[in-house]
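Read the numbers this way: they start at 1 and go in the same order the structure lists the ligands and their atoms.
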Amino acid sequence: MFKKGSKLYSIFTGACPKCHKESMYTDTNPYHVSQLFSMHERCSHCNTKYKIEPSFFYGSMYVSYGVGIAFAVAAFVISYFFLGSTPNVAFIAIVCTLIIFYPIIVRLSRNIWINIFMSYDKKLALKKKLESK
Ligand SMILES: [Zn+2]
């Protein structure tokens, strides 16, 4: 869907923000909730340390606020305008959406957060490729 090398690729797949070679997460399925926050410490391809500083990912909570709003607005628009629900039902739809998509919101927020600080490095991605041959 998104090409490797773009920030969107890393954001939507949870791939290492520097080399895009592997997932940052020990379990790529966010709905295995017990593994939701479990991440590798370093990328096995480019050795990037994901947690730049202690409690680095607390900052992703600011992002998750924005991402949550986006999901809430989408839920409202779909239920209120497209399905013609009452405001009360639309409100329930928003709450349900936020609960159901919570794991995705958490992962997206972390991915966006780390991609604010790190960018794709073509050299790192290529370098490791050569070494592994
Ligand atoms: Zn990497």
Side-chain angles (χ1 to χ4, degrees):
M1 186 162 60
F2 300 104
K3 267 193 271 177
K4 275 193 180 188
S6 75
K7 280 197 186 292
L8 287 177
Y9 177 84
S10 172
I11 286 170
F12 284 102
T13 61
C16 167
K18 288 223 167 174
C19 69
H20 293 185
K21 291 282 179 189
E22 67 167 34
S23 176
M24 294 187 285
Y25 301 98
T26 53
D27 190 331
T28 52
N29 185 345
Y31 283 94
H32 295 158
V33 177
S34 63
Q35 301 288 311
L36 183 59
F37 297 101
S38 157
M39 302 175 78
H40 296 291
E41 199 187 337
R42 287 173 183 276
C43 175
S44 70
H45 287 270
C46 65
N47 206 32
T48 294
K49 195 179 179 194
Y50 299 132
K51 215 173 175 181
I52 301 169
E53 55 193 29
S55 60
F56 169 67
F57 283 104
Y58 277 98
S60 72
M61 283 191 295
Y62 302 110
V63 181
S64 78
Y65 182 72
V67 176
I69 298 274
F71 273 82
V73 168
F76 176 77
V77 168
I78 289 169
S79 65
Y80 189 75
F81 291 106
F82 289 94
L83 303 177
S85 63
T86 63
N88 280 341
V89 173
F91 178 75
I92 294 167
I94 289 172
V95 173
C96 291
T97 301
L98 289 179
I99 293 170
I100 292 166
F101 287 98
Y102 175 73
I104 291 177
I105 293 170
V106 166
R107 287 278 172 99
L108 270 180
S109 310
R110 288 189 166 217
N111 299 347
I112 291 170
W113 182 247
I114 198 167
N115 270 283
I116 291 172
F117 297 93
M118 293 181 189
S119 290
Y120 181 66
D121 190 332
K122 205 173 182 182
K123 272 182 244 159
L124 277 178
L126 289 173
K127 191 177 156 198
K128 201 64 195 180
K129 212 178 186 180
L130 291 174
E131 281 174 13
S132 61
K133 269 183 186 174

Checklist entry - Yes or no on side-chain hydrogen bond (donor to acceptor under 3.5 Å, both in side chains) for Ser38 and Thr26, after CA distance, side-chain angles and deciding distance? => result CA-CA 6 Å; Ser38 157; Thr26 53; 2.4 Å; yes
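With hydrogens and angles disregarded, a donor-acceptor distance shorter than 3.5 Å links the side chain of Arg42 to the backbone of Asn47. In terms of modelled atom types and a separation under 3.5 Å, the side chain of Ser6 and the main chain of Lys3 share a donor-acceptor contact.
Listed by chain and number, the protein atoms of type N/O/S under 2.8 Å from the Zn ion (ligand 1) are Cys16 SG, Cys19 SG, Cys43 SG, Cys46 SG; waters are omitted.
Other residues, nucleotides and ligands contribute more than 12 heavy atoms inside 6.0 Å of the CZ atom of Phe117.
The two residues Ala72 and Leu98 come nearest to each other via the heavy atoms N-CD2, 4.4 Å.
Distance OG/Ser10 to CG/Asn115: 3.5 Å, rounded to 0.5 Å.
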